[in-house]
**Student:** 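There's a structure below that I have some questions on.
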Amino acid sequence: MDPFVEQLKQSPRLSLVAEEIQAHLEAERERRERFYETVSEEEKAEFINGEIIVHSPVSMRHNLVLKLLLKLLDTYVEQHGLGYVGYEKIMISLTRNDYEPDLCYFGPEKAAQLEPQQTRFPAPDFIVEIVSPSTEARDRGVKFEDYAAHGVGEYWLIDPEAEIVEKYVLEPAEETSAAGARYTLRLKVNSGELAASAVPGLKIPVRAVFDRKENLSALQRLLQSREDGG
């Protein structure tokens with residue numbers, strides 16, 4: 001059990017705190033419903049801990065990195081029938097918060113449950129966030145904790161300026177409770193090869209995430225592998 005919860009259970013103020021929390025969550029739920037009613041397809045917005053966060057337009061560098069990684073991941077997943085890749089405007093609705101990650105992946109089992117008209121989605125198997133000065137604190141803070149608590153098995157943080165990819169993998173369930181789940185940093189790289197643990201068999205050159213020519217070469221190899229029956 002989470003140490004904070006265990007400590008709270010021993011407090012004589014437990015009932016009072018529970019009532020205060022319940023009132024806070026009820027008010028937050030009402031704000032969340034209004035968010036669903038008013039958010040538009042034209043804006044990228046998230047609902048985080050009771051607040052509506054509207055995002056500023058991204059830089060070209062940010063957009064390029066997203067596009068390069070999306071091409072590789074989506075091509076591989078489609079080739080092998082491994083599920084569904086979503087990006088930017090896919091709203092992930094967790095217990096308390098709603099996020100629109102830069103890129104997310106649903107494995108075959110979860111992808112089979114998705115509907116064409118669906119606008120709010122469950123926790124995916126893999127999420128990528130491309131950090132920027134305005135989002136990095138949330139990407140490394142509330143999202144880092146929330147994605148882990150809801151069982152997102154793999155989380156990449158990409159710094160488009162430093163050209164670094166950080167790969168985090170969720171600790172095995174038997175080692176911790178769901179609420180206390182934590183990510184472990186497996187790789188922090190700017191070169192070499194990178195495998196996605198959540199996507200069986202996928203390995204991509206790190207440089208292909210940042211460089212157009214490297215990306216084209218990697219994409220051609222993926223397509224050639226398909227033609228060769230690999």
Side-chain angles (χ1 to χ4, degrees), residues 44-49 51 53-74 76-77 83 85-94 96-107 121-172 176 180-199 202-211 214-215 218:
K44 182 172 181 177
E46 300 178 311
F47 187 87
I48 303 177
N49 293 349
E51 296 184 21
I53 309 295
V54 179
H55 292 271
S56 303
V58 300
S59 68
M60 181 177 177
R61 186 63 181 161
H62 181 291
N63 187 256
L64 175 63
V65 169
L66 173 59
K67 182 171 69 172
L68 296 181
L69 179 56
L70 175 61
K71 286 195 294 185
L72 294 173
L73 179 58
D74 192 53
Y76 183 84
V77 168
V85 178
Y87 63 100
E88 284 202 322
K89 290 297 293 174
I90 293 288
M91 181 174 285
I92 304 301
S93 292
L94 304 183
R96 185 181 180 189
N97 298 320
D98 300 278
Y99 305 105
E100 291 188 338
D102 288 307
L103 188 150
C104 60
Y105 162 74
F106 299 88
F121 297 80
D125 296 294
F126 172 35
I127 284 179
V128 177
E129 296 283 10
I130 301 170
V131 302
S132 66
S134 63
T135 68
E136 186 166 9
R138 288 189 293 272
D139 293 338
R140 296 185 180 279
V142 63
K143 292 186 178 183
F144 196 90
E145 180 180 358
D146 215 357
Y147 293 160
H150 287 84
V152 177
E154 186 168 359
Y155 183 33
W156 289 7
L157 287 171
I158 300 180
D159 185 331
E161 300 303 323
E163 299 189 348
I164 290 174
V165 180
E166 298 173 32
K167 172 184 172 178
Y168 295 88
V169 176
L170 203 61
E171 294 179 1
T176 181
R182 294 290 184 271
Y183 285 121
T184 297
L185 178 63
R186 293 290 178 85
L187 287 173
K188 183 175 182 179
V189 292
N190 62 3
S191 62
E193 195 171 61
L194 185 60
S197 302
V199 187
L202 176 65
K203 294 182 180 180
I204 59 175
V206 174
R207 297 310 308 160
V209 178
F210 303 105
D211 183 271
E214 292 286 347
N215 185 270

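Positions are given from 1, in the same order as the sequence printed here.
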**Student:** Measuring from Tyr87:OH to Leu103:CG, what's the distance to the nearest 0.5 Å?
**Tutor:**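 With rounding to 0.5 Å, OH (Tyr87) is 10.0 Å from CG (Leu103).
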
**Student:** Excluding sequence neighbours, so at least two apart, what forms salt bridge (Lys or Arg N to Asp or Glu O under 4.0 Å) with Asp98?
**Tutor:**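 With neighbours one apart ignored, the set is Arg32.
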
**Student:** Side-chain contact test, heavy atoms from C-beta onward, threshold under 4.5 Å: evaluate it for Ile158 versus Glu129 and give yes or no.
**Tutor:** no

**Student:** Does Tyr183 have any ring pair (Phe, Tyr, Trp, His ring centres under 6.0 Å) partners at least two apart in sequence or in another chain, and if so, which?
**Tutor:**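 Listed in chain order: Phe144, Tyr155.
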
**Student:** Scan the side chains in residues 191-199 for donor-acceptor partners under 3.5 Å anywhere in the protein, sequence neighbours excluded, and list what turns up.
**Tutor:**
residue, atom, partner, partner atom, Å
Ser197, OG, Lys167, NZ, 2.9

**Student:** Here's a test for you: under salt bridge (charged side-chain N to carboxylate O under 4.0 Å, His left out), which of Lys44, Arg138, Lys89 qualifies with Glu100?
**Tutor:**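 So, applying the salt bridge (charged side-chain N to carboxylate O under 4.0 Å, His left out) to Glu100 and each of Lys44, Arg138, Lys89, only Lys89 qualifies.
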
**Student:** Compare every heavy atom of Asp125 with every heavy atom of Gly107, then report the nearest pair and how far apart it is.
**Tutor:**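 Answer, listing the atom of Gly107 first, then Asp125: N-OD2, 2.6 Å.
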
**Student:** Checking side-chain contact (heavy atoms from CB on, under 4.5 Å) for the pair Trp156/Phe126: CA distance, chi angles, key distance, verdict?
**Tutor:** CA-CA 8 Å; Trp156 289 7; Phe126 172 35; 3.6 Å; yes

**Student:** Any side-chain heavy atom of Thr184 sitting closer than 4.5 Å to one from Val169?
**Tutor:**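 Thr184 vs Val169: side chains apart.
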
**Student:** Can you see which heavy atom on Leu69 is nearest to which on Ile204, and at what distance?
**Tutor:** CD1-CD1, 3.8 Å

**Student:** Look up atom NZ in Lys203 and atom OH in Tyr76, then write down how far apart they are to the nearest 0.5 Å.
**Tutor:** 9.5 Å

**Student:** Is there side-chain contact between Val65 and Val209, with heavy atoms separated by less than 4.5 Å?
**Tutor:**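 Side chain of Val65 against side chain of Val209, heavy atoms only: contact under 4.5 Å found.
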
**Student:** How long is the straight-line distance from CD1 of Ile48 back to CD1 of Ile53, given to the nearest 0.5 Å?
**Tutor:** 5.5 Å

**Student:** Restricting to side-chain contact (heavy atoms from CB on, under 4.5 Å), what partner residues turn up for Asp74, sequence neighbours left out?
**Tutor:**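 Result, side-chain contact (heavy atoms from CB on, under 4.5 Å) vs Asp74: Leu70, Glu78, Val85.
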
**Student:** If you compare all heavy atoms of Ala123 against all heavy atoms of Val152, which two are closest, and at what distance to 0.1 Å?
**Tutor:** CB-CG2, 4.1 Å

**Student:** List the residues meeting ring pair (Phe, Tyr, Trp, His ring centres under 6.0 Å) with Tyr99, not counting sequence neighbours, and say none if there are none.
**Tutor:**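 Scan of Tyr99 (ring pair (Phe, Tyr, Trp, His ring centres under 6.0 Å), adjacent residues dropped) gives Tyr147.
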
**Student:** With the side chain counted from C-beta on, respond yes when Pro101 and Ile92 share a heavy-atom pair under 4.5 Å apart, and no when they do not.
**Tutor:**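 Side-chain contact under 4.5 Å: yes.
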
**Student:** State plainly whether the residues Lys143 and Glu46 are in salt-bridge range, i.e. N to O under 4.0 Å.
**Tutor:**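 Yes.
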
**Student:** Rounded to the nearest 0.5 Å, what's the gap from CG on Leu202 to CG on Leu72? Could you check?
**Tutor:**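 Output value for this atom pair is 8.0 Å.
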
**Student:** Return the minimal non-hydrogen interatomic distance between Ala208 and Asn215, and the atom names on each side.
**Tutor:** O-ND2, 2.9 Å

**Student:** OG of Ser132 to CD of Glu161: how many Å apart, nearest 0.5 Å?
**Tutor:** 10.0 Å

**Student:** Within this structure, what is the CG-NZ distance for the pair Leu64 and Lys67, rounded to the nearest 0.5 Å?
**Tutor:** 6.0 Å

**Student:** Please lay out, stage by stage, how Tyr105 and Val128 fare under the test side-chain contact (heavy atoms from CB on, under 4.5 Å).
**Tutor:** CA-CA 9 Å; Tyr105 162 74; Val128 177; over 6 Å; no

**Student:** Tell me, please, which residues at least two apart from Arg140 pass salt bridge (Lys or Arg N to Asp or Glu O under 4.0 Å).
**Tutor:**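 Arg140 satisfies salt bridge (Lys or Arg N to Asp or Glu O under 4.0 Å) with Glu136, Glu166 once adjacent residues are dropped.
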
**Student:** Hey, is the main chain of Phe210 close enough, under 3.5 Å, to the side chain of Arg61 for a donor-acceptor pair?
**Tutor:**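 Indeed, once roles are kept as given, a pair shorter than 3.5 Å links the two residues.
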
**Student:** Is a side-chain N or O of Asp102 found less than 3.5 angstrom from the main chain of Glu88, in a donor-acceptor match?
**Tutor:**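 Answer holds: no.
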
**Student:** Given Arg186 and Glu154, is the salt bridge (Lys or Arg N to Asp or Glu O under 4.0 Å) satisfied, shown in steps?
**Tutor:** CA-CA 10 Å; Arg186 293 290 178 85; Glu154 186 168 359; over 6 Å; no

**Student:** Looking at Val58, is its backbone amide N or carbonyl O close enough to the side chain of His62 to form a donor-acceptor pair, meaning the two atoms are under 3.5 Å apart?
**Tutor:**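 Not confirmed, His62 side chain does not pair with Val58 backbone.
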
**Student:** Which pair of heavy atoms, one from Ala181 and one from Leu170, lies closest together, and at what distance?
**Tutor:** CB-CD1, 4.0 Å

